[in-house]
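Step one of this worksheet: look at the structure below.
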Amino acid sequence: MNLLLENELNGILMAVFEKNGLDKKFAFVKVSDRPDLSDFQCNGALALAKIAHKNPREIASLIAEELKKIDFIETISVDGPGFINIKLKNDFIAANTDKMAVDERLGCGEVEDKHKVVLDYGGPNVAKEMHVGHLRSGVIGESIRRIEKFVGNDVIADVHLGDWGTPMGMILAEIIKTDGNLDKVNSYDIAQITEFYKRANIHCKEDESAKESARKITAELQSGNSEYRKAWQHLRDESMKAIKENYEQLDVNFDLWWGESDAHETCGKVVKIAREKGLSEMDNGAEIIRLEESNKPKPPVIMVKSDGAFGYQLTDIATAKMRFDELAAEEIVYFTDSRQSLHFEQVFEVIDKLGIAPNVKLKHIVFGTVNGADGKPFKTRDGGVMNLDTLIEMSKDKVRQSLPKAGEIEGYGEKEIEKLTSQIAVAAIKFQDLKNTINSGYVFELDDFAKFEGKTGPYIQYAVARINSMLRKAKANGLDFGKVILQAPEERALALKLAQIHNVIMRAHNEKEPSIIADYAYNLAQIFSTFYNACPVMSAENGELAASRLTLAKLVRDVLTLMLYLLGIEAPQVMLKAENQG
Ligand code: ARG
């Protein structure tokens, strides 16, 4: 069930089309591009006329005549070459709004084909600092996790920790080089571990023998060298702690913390399956699978490197098998930037060839990079990689400028202000990211992203808090919610916008595109603001109107809160503004 107004119209159009022998494929309306003329329009007559070589206006008129009989339609007209413009009666829209206001799901339905989806996002690496790329993957993934759950799917989010590749050998080699052995490993914290990795990276770039020993150690680590495994376990544990803290701060959540290493055993099984099916071959000591080269050459997948180590692609292939065998996944969605497009094309093709995850829908959602003002990947002031901690701190500093100081407002001491600061700071970071379509990169806007005005997370949070404050006042004045009455055009426009929520969420789900929700939330907040200026609640002309407007305001509050939730953003009850913020 959903309370989308279009549904009613579509149902009627279906019947009309059927009765008149018209192709039902075109029996649907969309929200009008010309709100001055109509609420909805049906452009089906144009397509039908083309196929039947008829006059579109004639077909449109035939449909319009039938629609005129429907009692909840206010006006209907055929315009231009054959557009059918439909305006609904106010009472009808109002009744729909009333139903939304008391519905737990605010009028939103669920998907028909509920299924199990595994989401693979985050993908941070042991010993490496998380950068904005891991941030984007986490932020987008978390939003999709919430959207998928909300539409009724069974969702499992898995972090796919990078803990099994050459970087592991590199860092162990570096520690051995510095300390002579691995005895001190257990005393190293995450900062020290990261330093070792940075140095290892430099050495391996300059020095072929350093690279060679890193490769050797990786292979031995994977094949079970117990000393390496023990040291590796510490590196992994320390990194995991830091990663969990980071994602916790951002309210990015996972159901599973599987790493590449967890797929090790399955990697072995996959290699066997490939051999048995005759799909693999030896090439210079490495075991590879060649791929179809239909329109562009695709390099083969290296399953086992010549030194015996498993490749990055194999871990993904094996993990897909585990997600099918152990989690009963029906769909797996991966979130990374475009640099891994080829990787996933190769991985998907091999999974298909091997038949290890039959009928599982595999999807790679590619996102663009986060850039600085210079158009290059976002860096810190001194040119380093922007890590998550720095980013969050930066955002908090910005937010602090807009908030009163601890103690300035009664009931808001250090602790409360700090909590509010992080809620707003995280909203600012996430919204700035999610308001952009996923596959476009974006420029990290350093000045305005944390402001309380403009298309920002804090603006929407502020809109929610303002309504909360109004609801509290109304309650104190004994004003209750009442039946929705639509008189002013601003009330009508608001109710029509609210009625779109089901479609907005379904589109975000289908397209895996949180920006659809961000756009809608921003527009709704703006439309509410226009309504609120034109239609006072407390001082409305009469009690019924006041009660109606209160219902509308509460519904907007609930819808905006849900939208923020689906973006992974909290909606604080109260927002404070520093004196100078007006
Ligand atoms: N750890 C990888 C990286 O930092 C990202 C992992 C993406 N997910 C996956 N299933 N391969 O580049």
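First listed ligand is number 1; within each ligand, the first listed atom is number 1. Heavy-atom basis, side chains included; hydrogens, waters and symmetry copies ignored.
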Self-check item: Residue contacts for ligand 1, heavy atom to ligand atom, distance under 4.0 Å
Solution: D120, G123, N125, H134, H160, Y312, D316, Y334, T336, Q340, F344

Quiz item: For the residue pair H160 and W258, is the inter-centroid distance of their aromatic rings smaller than 6.0 Å?
Solution: no

Quiz item: Which of parallel (below 30°), tilted (30 to 60°) and perpendicular (above 60°) describes F254 and W257?
Solution: perpendicular

Quiz item: Within the side chain of N153, is there an N or O that forms a donor-acceptor pair under 3.5 Å with the backbone of H115?
Solution: yes

Quiz prompt | Any donor-acceptor pair under 3.5 Å from R323 side chain to E331 backbone | solution = no

Exercise. Find out whether the Lys NZ or Arg CZ of R146 is both under 6.0 angstrom from the six-membered ring centre of Y565 and within 45° of the ring's axis.
Key: yes

Self-check item: Donor-acceptor contact below 3.5 Å, side chain T315 vs main chain Y312
Solution: yes

